[in-house]
Peer 1: 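I have a structure I would like to understand better, so I am pasting it below and will then ask my questions one at a time.
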Amino acid sequence: MIEKEIDMPKKGEVRIKVAYSGICGTDVHIYHGMMDKRVSIPQTIGHEMSGVIDAMGEEVEGFQVGDKVVVRPLDDRLVQPSDKGFNHICEKLKFIGIDSPGSMQQYWNIPAFVLHKLKPETDLKLAALIEPLSVAVHDVRMSGLEAGETAVVLGGGPIGLLVAMVAKEAGAKVIISEVNETRIKMAADFGLQAVNPTKTDLVQYVREETEGRLADVVFEVAGVQPALDVMTEVAGIRGRIVMVAIHGQKKPVDLFKFFWKELKLIGARVYEKEDYEKAITLVTANELPFGKMITDVQPLSKIQEVFESIDKNPEGLKVLMDCQL
């Protein structure tokens, strides 16, 4: 833990009293030193958060002290014409909490343009899920998923479960493929259908569930070669495959299936403003089992112990740090 002065926000900034900050897989990679080329050590990390505006700098409009907020952690101030207006994936995008200080601190000064205001009644624990939920909302939106279609989600971790929930909320029939039996049981607790592809022939299962049509949309969330192998098999004619997982190295993919079934491969990265607003609406309504995503809440003072324990608890979904303790 590092102690520092609580600074007043500069022009265009607000100071947030951070309530909760969730631990993301990226944070775990940083902890293990897998992103040292990008992250300047020491660095305060964290980007899944909720909090309350504590102070405001000059020229901040649309917010006031006491507002509940979340941060969309994309600093797009270096956008260029060549980015074609897609600021969320612009060439010189800076991801707050990775490329610059993040939310795992009691008070956080942040540019106001990355804020999204929450309703006063919003549960701040659930609000800390808005960032990863926005990823899922973006993935589903990019897929073009329509009510009545079948979606197969390859991977039942936190993002996979959120993708499945958003897809189901959109009216799709959803099937999750997951090898971890504990997570399969979790999916059932979420009201989701999940199968273990090491015990059940996934393609045959989906074929039987869809009268032979197979999946209209496949979300590849697992990031492993078996998922890449099966994604082109389980997709039906003119199916859309959304690449959610990050593959840092080139992997084999059956391109013949793209030709044979006229498949589409869709890249999906982070989120846009409308995805955040949709995620906020879903969390505010609280009609989906978001609370079950939070498997542990620990004080920020125990951050070291939490990171040390995460690798030993693969069944855990979302750990929140209480940044005021």
Side-chain angles (χ1 to χ4, degrees), residues 1-24 27 44-77 88 94-97 100-135 137 270-288 290-291 293-294 296-303 318-325:
M1 298 289 289
I2 298 174
E3 293 188 6
K4 64 177 185 179
E5 295 292 327
I6 299 176
D7 298 324
M8 287 299 296
K10 300 175 183 177
K11 183 172 67 174
E13 291 184 343
V14 303
R15 187 174 69 207
I16 299 174
K17 184 177 182 180
V18 182
Y20 299 97
S21 185
I23 296 179
C24 170
D27 298 324
T44 301
I45 60 174
H47 55 273
E48 304 177 358
M49 59 73 66
S50 63
V52 177
I53 294 179
D54 176 70
M56 295 173 53
E58 298 177 359
E59 299 184 11
V60 174
E61 299 180 353
F63 297 95
Q64 59 186 12
V65 171
D67 282 345
K68 292 181 177 180
V69 294
V70 289
V71 166
R72 181 169 41 88
L74 306 180
D75 186 344
D76 61 358
R77 284 177 286 188
H88 70 298
K94 298 295 183 183
F95 197 98
I96 301 170
S100 60
S103 58
M104 290 187 189
Q105 52 186 313
Q106 290 181 305
Y107 293 90
W108 189 25
N109 290 6
I110 198 80
F113 71 84
V114 300
L115 295 181
H116 286 259
K117 188 187 297 187
L118 305 175
K119 290 186 177 181
E121 65 269 24
T122 306
D123 184 324
L124 287 176
K125 284 184 181 178
L126 297 184
L129 300 175
I130 286 171
E131 194 275 347
L133 178 58
S134 298
V135 172
V137 170
V270 291
Y271 27 66
E272 297 176 78
K273 289 182 180 180
E274 62 189 280
D275 302 312
Y276 244 72
E277 291 301 325
K278 170 71 173 179
I280 289 170
T281 298
L282 290 173
V283 165
T284 303
N286 198 18
E287 296 175 353
L288 298 175
F290 296 122
M293 291 287 301
I294 302 170
D296 196 14
V297 180
Q298 292 289 333
L300 185 61
S301 58
K302 292 187 176 181
I303 186 68
K318 184 57 61 179
V319 178
L320 299 185
M321 305 309 301
D322 185 331
C323 292
Q324 296 304 311
L325 294 177

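Values below: all heavy atoms of this structure, side chains included; hydrogens, waters and symmetry mates excluded. Residues take their numbers from the sequence shown, with the count starting at 1.
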Peer 1: Among Lys68, Lys17, Arg15, find the one that has a salt bridge (Lys or Arg N to Asp or Glu O under 4.0 Å) with Asp54.
Peer 2: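 Checked Lys68, Lys17, Arg15 against Asp54; only one passes salt bridge (Lys or Arg N to Asp or Glu O under 4.0 Å): Arg15.
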Peer 1: Give a yes or no on whether the backbone of Gly102 and the side-chain of Gln105 come within a donor-acceptor separation of less than 3.5 Å.
Peer 2: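 Flag set: sc Gln105 to bb Gly102 pair under 3.5 Å.
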Peer 1: Any side-chain heavy-atom pair from Val297 and Tyr20 closer than 4.5 angstrom?
Peer 2: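 Of all side-chain heavy-atom pairs linking Tyr20 with Val297, at least one is under 4.5 Å.
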Peer 1: For Ser103 and Trp108, work out which heavy atoms get closest and say how close.
Peer 2: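 For Ser103 versus Trp108, the nearest heavy atoms are CB-CZ3, 3.4 Å.
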Peer 1: How many angstroms lie between OG in Ser134 and NE2 in His88, if you round to the nearest 0.5 Å?
Peer 2: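 If we round to the nearest 0.5 Å, Ser134:OG and His88:NE2 are 12.0 Å apart.
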Peer 1: Going from CE on Met49 to CE on Met104, what distance comes out if it is rounded to the nearest 0.5 angstrom?
Peer 2: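 Separation between the atoms: 11.5 Å.
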Peer 1: Nearest 0.5 Å, what's the NZ-CD distance between Lys11 and Glu13?
Peer 2: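 Going from NZ on Lys11 over to CD on Glu13, the span is 11.0 Å.
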Peer 1: Could you check if a side-chain atom of Leu300 sits within less than 4.5 angstrom of a side-chain atom of Val18, using non-hydrogen atoms only?
Peer 2: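 With C-beta onward as the side chain, the pair stays apart.
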Peer 1: Output the distance between atom OG1 (Thr122) and atom CG (Leu124), rounded to the nearest 0.5 Å.
Peer 2: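 It is 7.5 Å, given to the nearest 0.5 Å.
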Peer 1: Any heavy-atom pair between the side chains of Ile294 and Leu126 that's under 4.5 Å?
Peer 2: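 Of all side-chain heavy-atom pairs linking Ile294 with Leu126, at least one is under 4.5 Å.
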Peer 1: Please evaluate residues His47 and Ile96 with respect to the criterion side chain to side chain contact (heavy atoms under 4.5 Å, CB included), reporting the C-alpha separation (whole Å), side-chain torsions for both, the decisive distance (0.1 Å), and the verdict.
Peer 2: CA-CA 7 Å; His47 55 273; Ile96 301 170; over 6 Å; no
Peer 1: Are any non-hydrogen side-chain atoms of Leu74 and Val114 less than 4.5 angstrom apart?
Peer 2: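 Result no, sub-4.5 Å side-chain heavy-atom pair not found.
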Peer 1: Assess whether side chain to side chain contact (heavy atoms under 4.5 Å, CB included) is satisfied between Phe95 and Val270, documenting all intermediate values.
Peer 2: CA-CA 10 Å; Phe95 197 98; Val270 291; 3.9 Å; yes
Peer 1: Show the numbers, then the answer: is there a side chain to side chain contact (heavy atoms under 4.5 Å, CB included) between Tyr107 and Ile16?
Peer 2: CA-CA 6 Å; Tyr107 293 90; Ile16 299 174; over 6 Å; no
Peer 1: Is it the case that over 12 heavy atoms from other parts of the model lie below 6.0 angstrom from the CD atom of Glu61?
Peer 2: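 Incorrect, the count does not exceed 12.
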Peer 1: Look up atom OH in Tyr276 and atom CG in Leu115, then write down how far apart they are to the nearest 0.5 Å.
Peer 2: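 So the OH of Tyr276 and the CG of Leu115 are separated by 10.5 Å.
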Peer 1: Heavy atoms, side chains only, cut-off 4.5 Å: are Gln64 and Ile53 in contact?
Peer 2: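 SC-SC contact between Gln64 and Ile53 ruled out.
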Peer 1: Ignoring hydrogens, what is the shortest heavy-atom contact between Gly57 and Pro9? Give both atom names and the distance.
Peer 2: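 Gly57 and Pro9 have their closest heavy atoms at N-CG, 3.5 Å.
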Peer 1: Enter the distance from Lys125:NZ to Ser50:OG here, rounded to the nearest 0.5 Å.
Peer 2: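 That separation rounds to 10.5 Å.
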Peer 1: Taking the side chain as everything from C-beta on, heavy atoms only, tell me whether Asp75 gets closer than 4.5 Å to Phe113.
Peer 2: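 In short, these two side chains touch, coming nearer than 4.5 Å.
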Peer 1: Quick check: does any side chain N or O of Asp7 sit under 3.5 Å from a backbone N or O of Asn109, one acting as donor and the other as acceptor?
Peer 2: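 No; zero donor-acceptor contacts below 3.5 Å.
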Peer 1: Write down the atom of Gly62, the atom of Lys117, and the distance for their closest heavy-atom approach.
Peer 2: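 Heavy atoms only, the tightest pair is O-NZ, 2.9 Å.
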Peer 1: Using the side chain to side chain contact (heavy atoms under 4.5 Å, CB included) rule, take Thr284 and Leu118 through it: C-alpha gap first, then chi angles, then the decisive distance, then the call.
Peer 2: CA-CA 8 Å; Thr284 303; Leu118 305 175; 5.8 Å; no
Peer 1: Looking only at heavy atoms, which two atoms of Gly22 and Leu320 are closest? And how far apart?
Peer 2: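 Distance-wise, the nearest heavy atoms are CA-CD2, 3.7 Å.
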